[in-house]
There are 2 protein chains.
Amino acid sequence: MALDHAILVSLLEKPGSGYELARRFERSIGYFWTATHQQIYRVLKRMESDGWIDVREVPQQSRPDKKEYSVAALGRTVLAEWLHEPIEPESVRHELAVKIRGAAFDDPAALIREVERHHHKHTERLAHYLAGERRDFTGPDAPEALDTGEELQHVVLRGGIAYERMTIAWLEDVLATLRRLGTAP
Amino acid sequence: MALDHAILVSLLEKPGSGYELARRFERSIGYFWTATHQQIYRVLKRMESDGWIDVREVPQQSRPDKKEYSVAALGRTVLAEWLHEPIEPESVRHELAVKIRGAAFDDPAALIREVERHHHKHTERLAHYLAGERRDFTGPDAPEALDTGEELQHVVLRGGIAYERMTIAWLEDVLATLRRLGTAP
DNA sequence: CTTGTTTATGCAACTCGTTGCATAGAAGGA
DNA sequence: TCCTTCTATGCAACGAGTTGCATAAACAAG
């Protein structure tokens, strides 16, 4: 049930509507936790009826009205409790790795295109992360001294950057292996 | 539905029972795809009734009888089709990262223990992967020339090793950051 | 001789996540 | 004017994954 907690953290960083949260889950939060707007609206509704968060109807001009959510006292308590519980390291789900091992029973060379496509996507994602890092943390427009929240956001972003770099290097290893198997069977 | 395909790949590598598959999902396959025995038995039953796999009742002495599954022609076709479909890069789910950003609204120093615990677990996992690599691929008892299947298993394992090394280095970065925030608030 | 462990299989209930669809106001372009 | 896009919210159905429980044979330890 970490979606609940991811939403609480995001609302603590800045209150917002379901729509805005969905936007954030495509950006910064989405780097380490994904969710669709359906999930978000459902969870917001439940957390509101459980008193974890408060709603405020915000009328708007030139666009539909929205409901702005913010974390209630109870929500803060729930989050604090969760923060003190131990969690297990993530269980891995890597579909591409299944395909790579499966390729032994098909044509390994046929996977090259697909792996190249993943390599391209991860390269784009890395560039995106690095741009965000320069914008918010290391560039000339970034604040000189970071507060606790910014320091923690930065270290999480560094994790995303490290992950993408590692993945790109591994995909190059995979490509070299597939090409070697193709030329010398 | 990649569990179906992960099971097909595993059964192609070597036929086996649901119980044996569950064991493999705690070992090599579990490095990139996890599943409990409940999931496995359910999927095996469905794939068998759909004609993707064949069953053979194997009576045993000194332990209960088992059902040994192997991939049928239809299963091979289904797998081949899936191998030629493009897939999207995995959506990330990193609970610890949620906690790290959440720590800004609690006590960052309280997370140090938890991060150390994760560091320890990943170090163990890395040692386990490296032992497996020496045993099967690079050590003196490993085959001198690897076939296609072994080459692909090795490159997937190298991915797991790279992932653990990257994670360990990042967790050290996280620890340094948390300690810095604790001493100079 | 009872208790616990390993091998072996499975049901039922539940929660979480995905997909498709629906609505609706305002803005902007063809 | 119509069609698409963006903001904004939501229902319904389905599929995937988790948790708890149950059974049963064989063996090993106390």
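To find a chain, count down the sequence lines: A is the first, B the second, and so on, and within it residues start at 1.
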Rounding to the nearest 10°, end axes of the helix from dC1(C)-dG30(D) to dA30(C)-dT1(D) built from five pairs each make an angle of 20°
Looking at Arg135(A) and Asp141(A), is any side-chain nitrogen of the basic one under 4.0 Å from a carboxylate oxygen of the acidic one?
no
Listed once per pair and sorted, the salt bridge (charged side-chain N to carboxylate O under 4.0 Å, His left out) pairs that draw on residues 52-74 of chain B, sequence neighbours left out
Glu20(B)-Lys66(B), Arg56(B)-Glu68(B)
Side chain to side chain donor-acceptor pair (under 3.5 Å) contacts touching residues 88-111 of chain B (sequence neighbours left out):
Glu13(A)-Arg101(B), Thr34(A)-Arg93(B), His84(A)-Asp106(B), Lys121(A)-Glu88(B)
Show the nearest heavy-atom pair for residues Val155(B) and Thr177(A), with the distance to one decimal.
CG2-OG1, 3.6 Å
To the nearest angstrom, the CD-C1' distance between Glu68(B) and dT7(C) comes to 15 Å
Could you check how far CD1 of Ile40(A) sits from C1' of dT7(D), rounded to whole Å?
15 Å
Given atom CD of Glu90(A) and atom C1' of dC16(C), what is their separation to the nearest angstrom?
15 Å
All ring pair (Phe, Tyr, Trp, His ring centres under 6.0 Å) counterparts of His119(A), not counting sequence neighbours:
none
Atom CG of Asp65(B) to atom P of dT9(C): distance rounded to whole Å?
9 Å
Tyr163(B) and Tyr163(A) aromatic ring geometry - parallel, tilted or perpendicular at 30°/60° bounds
perpendicular
Looking only at heavy atoms, which two atoms of Gly51(B) and Ala72(B) are closest? And how far apart?
O-CB, 3.6 Å
Members of residues 7-27 of chain A that approach DNA chain C, where some heavy atom sits under 4.0 Å away
none
Looking only at atom types and distance, does a side-chain atom of Glu150(B) sit under 3.5 Å from a main-chain N or O of Asp147(B), one as donor and one as acceptor?
yes
Rounded to whole Å, please give me the gap between CE in Met47(A) and C1' in dC16(C).
15 Å
Within a 6.0 Å radius of atom CZ on Arg46(A), are there more than 12 heavy atoms belonging to other residues, nucleotides or ligands?
yes
Measure from NZ on Lys66(B) to P on dT6(C) and round the result to the nearest Å.
18 Å
Just checking, any donor-acceptor pair under 3.5 angstrom between side chains of Arg23(A) and Tyr19(A)?
yes
Reading nucleotides 10-19 of chain D 5' to 3', which nucleotides get B (base under 4.0 Å from a protein heavy atom), which S (sugar-phosphate only), which -?
BB-B--SBBB
Relative to each other, are the rings of His128(A) and Tyr31(A) parallel, tilted or perpendicular (30° and 60° limits)?
perpendicular
